[in-house]
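Hydrogens, waters and symmetry mates are skipped; everything else that's a heavy atom, side chains included, is used. The structure displayed is predicted, hence computed values, not measured ones.
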Amino acid sequence: MQRSSGRRTAPAMAAVLVVAALAVGCRPVTVTGAGAPDGKGARYAPTTPAPPPLGRHGPPAHRHSAPARPHHTAPRAPHRAPRAAGPRLMAPGSQGARVRELQARLAQLGLFDRSPTGSYAAVTTSAVRAFQRRQGLPRTGAVQPAAWLALRSQTRRPSHAELYPPTTRPVGALDPRCMRGRVICISKRSNTLAWVVDGRVVSAMDVRFGSQYTPTREGTFALTFKSRHHVSTLYHTAMPYAMFFSGGQAVHYSADFAARGYRGASHGCVNVRDKEKVAALFDAARKGTKVVISR
């Protein structure tokens with residue numbers, strides 16, 4: 001009975017060992033390369049760490065496995081701070097011959113599509129920014145030494161005709177009433193004023209007029225009086241080189257017209273934005289000079 005019991009126990013124990021072995025591991029995986037100690041594809045269960053090398057000196061190195069290359073990161077480009085803009089040579093609000101030269105040089109590059117006025121306003125600021133963008137300079141809208149030097153190197157010195165064109169727009173045909181004598185001939189169609197002597201245009205300049213609520217009168221008038229440093233008693237604004245022709249309406253220089261162009265309007269007067277030209281007209285015209293305003 002004891003022998004038969006022992007014989008029956010041995011197979012049972014073997015079965016238990018088989019079941020235990022199946023419960024410990026799952027499907028084995030093959031670890032090759034750096035994971036295998038001898039590089040021959042030894043098999044290890046994924047949950048079991050690789051055994052230590054055998055022998056004193058360890059396994060021979062794998063002949064075909066290349067050493068791992070260190071990972072190199074591409075060097076970053078050094079951060080470049082934007083170039084300093086430098087002091088301002090010209091900026092919005094500036095006026096004078098240098099601004100006129102700036103505008104003429106920008107016009108040579110196709111960046112300024114108006115006639116030079118000598119007044120640094122919105123159109124000039126946009127043109128300067130466009131040039132600065134083209135040169136890779138800070139787009140400040142003001143002229144610093146670097147931008148001025150670059151502009152001068154890329155353009156020629158403007159001629160007198162480029163610096164002092166007669167008007168932004170063509171004067172057009174003169175009104176028949178302007179063909180005899182000394183006449184201040186003003187056209188609402190072309191937005192121009194021409195100083196005409198015996199049918200010949202001596203000078204011409206851009207003008208703007210009153211708004212729809214305060215329109216500039218049309219017709220034939222005569223200068224009643226002149227005031228070089230006039231200030232409006234109604235609106236308390238400066239009216240330099242004022243030449244009155246109908247009540248409170250006058251031809252005069254307008255700093256607002258010079259700065260903002262046709263985005264504004266007068267209260268009925270004829271605004272001129274070229275200070276030098278209207279000053280010359282003020283000196284040439286006399287009391288009683290004919291004024292013609294046509295549509």
Side-chain angles (χ1 to χ4, degrees), residues 95 114-119 161 164-295:
Q95 293 189 8
R114 307 287 177 87
S115 295
T117 62
S119 298
Y164 299 95
T167 57
T168 299
R169 304 178 183 182
V171 175
L174 296 176
D175 187 282
R177 294 170 289 178
C178 302
M179 301 308 294
R180 298 181 62 182
R182 298 159 63 89
V183 186
I184 297 175
C185 193
I186 301 170
S187 171
K188 286 187 173 181
R189 175 173 296 180
S190 62
N191 286 343
T192 57
L193 179 156
W195 171 232
V196 183
V197 178
D198 295 329
R200 181 177 65 90
V201 177
V202 177
S203 66
M205 55 206 79
D206 296 323
V207 293
R208 73 177 184 183
F209 306 97
S211 67
Q212 61 178 330
Y213 304 107
T214 55
T216 302
R217 301 181 188 101
E218 300 168 9
T220 302
F221 311 91
L223 292 185
T224 54
F225 75 97
K226 303 191 305 178
S227 177
R228 187 179 297 271
H229 305 291
H230 193 79
V231 176
S232 171
T233 56
L234 182 61
Y235 300 106
H236 307 289
T237 55
M239 299 169 55
Y241 306 105
M243 294 168 276
F244 289 87
F245 59 85
S246 177
Q249 294 191 354
V251 176
H252 66 86
Y253 170 74
S254 169
D256 181 78
F257 182 28
R260 299 200 302 139
Y262 291 98
R263 290 181 295 173
S266 74
H267 291 97
C269 289
V270 179
N271 291 164
V272 180
R273 62 181 171 187
D274 192 314
K275 198 170 188 177
E276 293 180 4
K277 287 186 177 182
V278 73
L281 175 62
F282 183 90
D283 292 336
R286 299 287 183 267
K287 182 178 178 181
T289 297
K290 183 192 290 188
V291 178
V292 175
I293 302 179
S294 61
R295 181 174 295 277

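To the nearest 0.5 angstrom, Thr117 atom OG1 is 13.0 Å from Lys275 atom NZ. Atom CG of residue Asn191 and atom CG of residue Asn271 lie 11.0 Å apart, to the nearest 0.5 angstrom. To the nearest 0.5 Å, atoms CH2 (Trp195) and SG (Cys178) are separated by 11.0 Å. The distance from atom CZ of Phe221 to atom CD of Gln249, rounded to the nearest 0.5 Å, is 7.5 Å. Atoms CZ and OG1, from Phe209 and Thr214 in turn, are 13.0 Å apart once rounded to the nearest 0.5 Å. A distance of 9.0 Å separates CG of Leu174 from OG of Ser187, quoted to the nearest 0.5 Å.
Put simply, the side chain of Tyr262 gets close to the backbone of Val207: a donor and an acceptor are under 3.5 Å apart. Between the side chain of Asp198 and the backbone N or O of Gly181, at least one donor-acceptor pair lies under 3.5 Å.
Closest of all the heavy-atom pairs between Ala265 and Gly210 is CB-C, 4.3 Å. Nearest heavy atoms, Ala250 versus Met239: CB-CE, 4.3 Å. Here the closest heavy-atom approach between residue Asp175 and residue Ser294 is recorded as OD2-CB, 3.6 Å. Here the shortest heavy-atom pairing between Cys269 and Ser266 reads O-OG, 2.6 Å.
Applying the salt bridge (charged side-chain N to carboxylate O under 4.0 Å, His left out) rule to pairs touching residues 183-197 yields Lys188-Glu218, sequence neighbours excluded. Residue pairs meeting the side chain to side chain donor-acceptor pair (under 3.5 Å) criterion with at least one member in residues 229-244, sequence neighbours excluded, are Ser227-His230. Applying the salt bridge (charged side-chain N to carboxylate O under 4.0 Å, His left out) test to every pair with at least one member in residues 262-273, sequence neighbours left out, gives these pairs: Asp206-Arg273.
Judged as a salt bridge (Lys or Arg N to Asp or Glu O under 4.0 Å), and not counting sequence neighbours, the contacts of Arg260 are Asp256. Remark: Tyr253 engages no residue in a ring pair (Phe, Tyr, Trp, His ring centres under 6.0 Å) (not counting sequence neighbours).
The shortest distance between side-chain heavy atoms of Leu223 and Ile184 falls below 4.5 Å.
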Under 3.5 Å, which donor-acceptor pairs link side chains of residues 278-293 to any protein atom two or more places apart or in another chain?
{"residue": "Asp283", "atom": "OD1", "partner": "Arg228", "partner atom": "NH2", "Å": "3.1"}
{"residue": "Arg286", "atom": "NH1", "partner": "Asp283", "partner atom": "O", "Å": "2.5"}
{"residue": "Arg286", "atom": "NH1", "partner": "Ala284", "partner atom": "O", "Å": "3.4"}
{"residue": "Thr289", "atom": "OG1", "partner": "Arg286", "partner atom": "N", "Å": "2.9"}
{"residue": "Thr289", "atom": "OG1", "partner": "Arg286", "partner atom": "O", "Å": "2.7"}
{"residue": "Lys290", "atom": "NZ", "partner": "Arg177", "partner atom": "O", "Å": "3.3"}

